[in-house]
Structure formats: C-alpha cells, structure tokens
Amino acid sequence: MKHWMALALVLLCHNVQAGPKDIIQASLEQLFSDITSLESTNQRDYQNLIATHVSPLIDSLSMGQLILGKYWKRASIQQKQTFMQCFSRQFRATQAEAFSAWQPTKWQILEQTFNDNQTKAAIKVRMSKASESREFILRLQQIEQQWRIYDASYLGISLLKNFKDDYALKINNQGLNKTLAQVCQQYPELIRQLTIAGTQWPPFISRSLPGQGLSVEMVSAILTRAGYQVNMVFAPWKRVLEGMKQGEFDINVAVWKSKQREQVLSFSQPYFYNQLVAVQSHQGQLDTSNLSSLLAQRASLGLMDDYAYPPMIQQYPNRQYFNQYGSLFRDIATNKLDFALLDQYVAQYYLHHFATLKSSLQVSANPLDSRTLHIGMIKQHPAAKEVLTDFNRYLKIYLKSRDFQALLTRYQINKLDKTSTDSQP
C-alpha cells in the first residue's frame, strides 16, 4: 500500500515559485518525458529519476517530524540526521519499486483545493496504464514562499500515517537505535564515485567560472542524474591522459575524436558540437567563406597544442603550435601570424578577456568546421562500458530538460548547433 502512495510524491518539479498545480503539472510532463527518453527503465533508473525530480523539493523535515512523532523530540541530533539520511533512501527505493512494478503511462490533474489561509493545498491526480487507473491526493504546504509536498494519500490512507505506524511499532519493540540501524542496513547508500578531469579551456572548462565551465556542468549533471557522485580535477592534457591510464582519473570531461585517440579511449555520444572559426587581424584580408578556400591561401596558421584538429588542418604545411592563447592572439594582432582556428565560444571568451587585443582582431562570421565533443574513458577501465552507456542514456534526458536550456542561456549560447562537415570524425 505504501508503495502506491509513495508513488504519488514523484510529482515534483524545480519551479518552486509556481503554484502547487503548476508544480505538479510541470513535474508530470518532465517525469514522463524522461521515462520515454530512456525507452526502457529499471528500478535503478526510477531511483535516479526520483532523486532528480523529488528529493530536492520534499519537505523532509516535516516528514521526519510527523513520521517519528514523539520519538523525534526524544531523538538526539545524530539520531535525527541518521533517520533523515536513511529514510530518504528508503523513500526513493519504495517509490522506485512502485513505479517499476506498475509503470503508468498517462496522467491527469483532476482537482486543486486550498485551506482557508491558502498555506496548504491538495492536488488530486489520476495516473493510468491501459484500462487501469489510480487516484492520489498530494498534500503541499508553503514554507518560506515555496510549495513543498509533505504527504500523499491513496484510497484514503495517508502515506505518512502508514510510515508512522510502521516506525512506531518497530521503535516500541526494539528501540530507536536498532530500528534506525535496520533501516540503514536495508537501504544502504550506494556510492558510485567518478573523478572527471580536464584542461583549462574556458568557457567549457575553467576554475574561474561559477560552475567550472559548460562541459563540467553538463557532464556532472548528466552523470549525477545517472546516479553517480562526481569530483572534478584540473590538470594539463598529458597529465589527464596519464592519470586515466594509472586509474587516478576516470573520465576526460571534454575531448574530440581522432584515430590516434580512438586507439586508447572509448567515447560517449557527442554532448556538444564545437564550431571552428578563423581569427585574424582587423587588417587581414583572408577569404574565410569556407575552410578549403582559407587553407588554399597558404597563410600562416596558429593551432593550439593537444587539439584533435581534422587531418586536413593537422597536415597544413605552414602551421605553428601554441600552448597559450595570449601568445597566439598577440602574434595575430602584431601580424606575426595570419590566422588561427579555434572554437567560436573559446575565441569569444578570450577576446572578451583580452580587452587590449579585442579591437585588433576579427572572427569569421560563419563556422568553418564542426567537431563533436565527448567524454572519454580509457578502454581498459573496468567500468567504461557501464559508465558510457549510462551517460549516453541520460544525455538524451538532459538535452530535453529545462536545466539544459538554462545552462545554454547562462553561457549565452542560443542553441546546440549540430552543423557538421565531411572532415568531422
């Protein structure tokens, strides 16, 4: 019984400023969209979805106080913390079990009611599969101007009362400590930790940016949705590869494909598309209408070390490699170098930060080439296949999410441009 009532609490979303009905409406849309994106789901997937859509917004403090009742007041701070941690895992597991067993496909909001002072709300929701349907009452309350769910009922029975009776019986028979120990043992914390690593490459990877860069934010969000805990480490490119080979790092957070790299790395599906643009001085007269015509002019070309440029660029005869963007841009500005090929957002970032050089340089209006951006793992990594499979599955969900659209907005990217060329690997 408690499983079906717990199932109802999955209907949460991140738009906490909206009214209770709007919250449930948006959450249902995102939840069922995510389920559809996964195509096939297991209990672990449902736990991940619950962690994403439910856990951050549940009024867990009120739930803990109501479930433990008189035992909450008697509990020590450590006991309260233990209960909150272990019960949250129990809660996710019971919801996942309910969803996995039933897997409803449709939903409908039937009714919304408020108490007299508009601080609590009840939302009636119907979920169905084929000809079978079930109705739930979700109970929300306003805390610091945010609507949070604290209870649900199915067939007139309260979820919290169900849990409260169960805990009260166990605590009465064996005490609080033993009860908490059993719950924690039955629902252990499954820690799957990954260390991701990358080289300073703003705006994709950067210590100075709030989220450590677009790539770090994207990859971390996707892996977190897939149930992993992620730690980011900054290191030079060669150090990242060596650390992966030695098992110090699990993932290269942002990598382009090349035949050489494919010999040692396994790649995810692309999560971004880097558009290469030409940077030349304002006095430069190079034709940048397309890559072939640009290279045919035999001008001097600046490239960055450790970039997996396409073969036609790597084999360009009049090329020079740099390991500092500042040196590259200064050589172009002083006409020591004719042009460089860089990702358009990297070029924009550095031109914005090199104010003294910005007026001396120009960027081609149209992209000249496209490179797919991936995460990479050493082929011998024992979990490479599982992690990359999980990443690819949850990438589909993330690319459809409001979080991804918000990320693009923060980095002033209008859309995920999938333009490609024949030279793209």
Side-chain angles (χ1 to χ4, degrees), residues 1-13 16 20-21 23-25 27-28 31 43 46-47 49-72 75 80 82-104 107-115 119-129 132-143 146-172 179-180 182-184 186-187:
M1 180 72 71
K2 74 174 66 173
H3 292 175
W4 298 120
M5 293 185 292
L7 173 61
L9 287 184
V10 176
L11 314 179
L12 282 169
C13 77
V16 296
K21 183 177 178 180
I23 287 177
I24 303 306
Q25 177 84 18
S27 182
L28 282 167
L31 175 66
Q43 192 162 329
Y46 284 121
Q47 289 211 39
L49 294 175
I50 291 162
T52 299
H53 297 294
V54 181
S55 299
L57 293 180
I58 283 181
D59 184 6
S60 54
L61 179 59
S62 294
M63 290 184 67
Q65 292 172 336
L66 291 170
I67 290 172
L68 288 188
K70 63 181 181 181
Y71 300 107
W72 178 269
K80 291 176 182 178
T82 300
F83 169 78
M84 298 285 280
Q85 293 169 359
C86 298
F87 176 72
S88 66
R89 300 199 294 267
Q90 179 186 14
F91 192 52
R92 288 197 300 267
T94 55
Q95 293 176 86
E97 183 180 345
F99 245 121
S100 181
W102 186 29
Q103 299 186 0
W107 55 272
Q108 180 183 2
I109 295 178
L110 302 177
E111 184 181 15
Q112 173 181 248
T113 58
F114 292 89
N115 63 350
T119 58
K120 291 188 177 182
I123 309 293
K124 181 183 289 188
V125 178
R126 175 185 295 144
M127 287 193 288
S128 58
K129 177 182 179 181
E132 180 185 4
S133 64
R134 298 169 184 178
E135 294 181 2
F136 307 91
I137 302 293
L138 308 179
R139 304 195 183 280
L140 301 87
Q141 61 185 359
Q142 236 182 357
I143 299 177
Q146 296 180 346
W147 286 101
R148 294 180 181 267
I149 292 181
Y150 68 93
D151 193 10
S153 61
Y154 174 61
L155 297 178
I157 301 176
S158 164
L159 166 68
L160 288 184
K161 186 178 185 305
N162 200 309
F163 275 116
K164 181 177 181 179
D165 291 345
D166 184 44
Y167 270 86
L169 179 62
K170 292 178 179 178
I171 295 173
N172 186 58
T179 299
L180 293 179
Q182 287 181 346
V183 174
C184 294
Q186 185 177 358
Y187 301 97

Any side-chain to backbone donor/acceptor pair from [X] onto [Y]? Under 3.5 Å, distance only.
{"X": "Lys129", "Y": "Trp102", "value": "yes"}
{"X": "Asp59", "Y": "Arg148", "value": "no"}
{"X": "Asp151", "Y": "Leu160", "value": "yes"}
{"X": "Ser100", "Y": "Glu97", "value": "no"}

Any side-chain heavy-atom pair from Tyr150 and Lys120 closer than 4.5 angstrom?
->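 The answer is yes; the side chains approach within 4.5 Å.
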
Given side chains that start at C-beta, do those of Pro104 and Glu132 come closer than 4.5 Å, heavy atoms only?
->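 The answer is no, as the side chains (C-beta and beyond) never meet within the 4.5 Å cut-off.
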
Starting at [atom1] of [X], measure out to [atom2] of [Y] and round the result to the nearest 0.5 Å.
{"X": "Lys124", "Y": "Gln108", "atom1": "NZ", "atom2": "CD", "answer": "11.0 Å"}
{"X": "Leu140", "Y": "Phe114", "atom1": "CG", "atom2": "CZ", "answer": "9.0 Å"}
{"X": "Ile149", "Y": "Leu138", "atom1": "CD1", "atom2": "CG", "answer": "5.0 Å"}
{"X": "Gln85", "Y": "Thr82", "atom1": "CD", "atom2": "OG1", "answer": "6.0 Å"}
{"X": "Tyr46", "Y": "Leu31", "atom1": "OH", "atom2": "CG", "answer": "8.5 Å"}
{"X": "Gln90", "Y": "Tyr167", "atom1": "CD", "atom2": "OH", "answer": "4.0 Å"}

Which pair of non-hydrogen atoms, one from [X] and one from [Y], has the smallest distance, and what is that distance?
{"X": "Gly69", "Y": "Lys164", "result": "CA-CE, 4.4 Å"}
{"X": "Arg89", "Y": "Cys184", "result": "NH2-O, 4.0 Å"}
{"X": "Trp72", "Y": "Gly64", "result": "CE3-O, 3.6 Å"}
{"X": "Met127", "Y": "Trp107", "result": "CG-CB, 4.1 Å"}
{"X": "Gln141", "Y": "Ser62", "result": "NE2-OG, 3.1 Å"}
{"X": "Arg126", "Y": "Glu135", "result": "NH2-OE2, 2.8 Å"}

Return the set of residues passing ring pair (Phe, Tyr, Trp, His ring centres under 6.0 Å) with Phe87 (not counting sequence neighbours), or none when no residue passes.
->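 Here the qualifying residues are Phe83, Phe91, Phe163.
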
Partners meeting side-chain hydrogen bond (donor to acceptor under 3.5 Å, both in side chains) with [X] (sequence neighbours left out):
{"X": "Ser133", "result": "none"}
{"X": "Gln25", "result": "Glu29"}
{"X": "Gln65", "result": "none"}
{"X": "Tyr71", "result": "none"}

Qualifying residue for side-chain contact (heavy atoms from CB on, under 4.5 Å) with Trp147, from Ile23, Ile24, Ile123 |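 Answer after filtering Ile23, Ile24, Ile123: Ile23.
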
Enumerate the residue pairs fulfilling salt bridge (Lys or Arg N to Asp or Glu O under 4.0 Å) with a member in residues 152-163, sequence neighbours excluded, ordered by first and then second residue.
->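 Checked against salt bridge (Lys or Arg N to Asp or Glu O under 4.0 Å) - neighbours excluded - the pairs reaching residues 152-163 are Lys161-Asp165.
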
Evaluate whether atom NZ of Lys80 has more than 12 neighbouring non-hydrogen atoms of other residues, nucleotides or ligands under 6.0 angstrom away.
->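 More than 12 within 6.0 Å, yes.
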
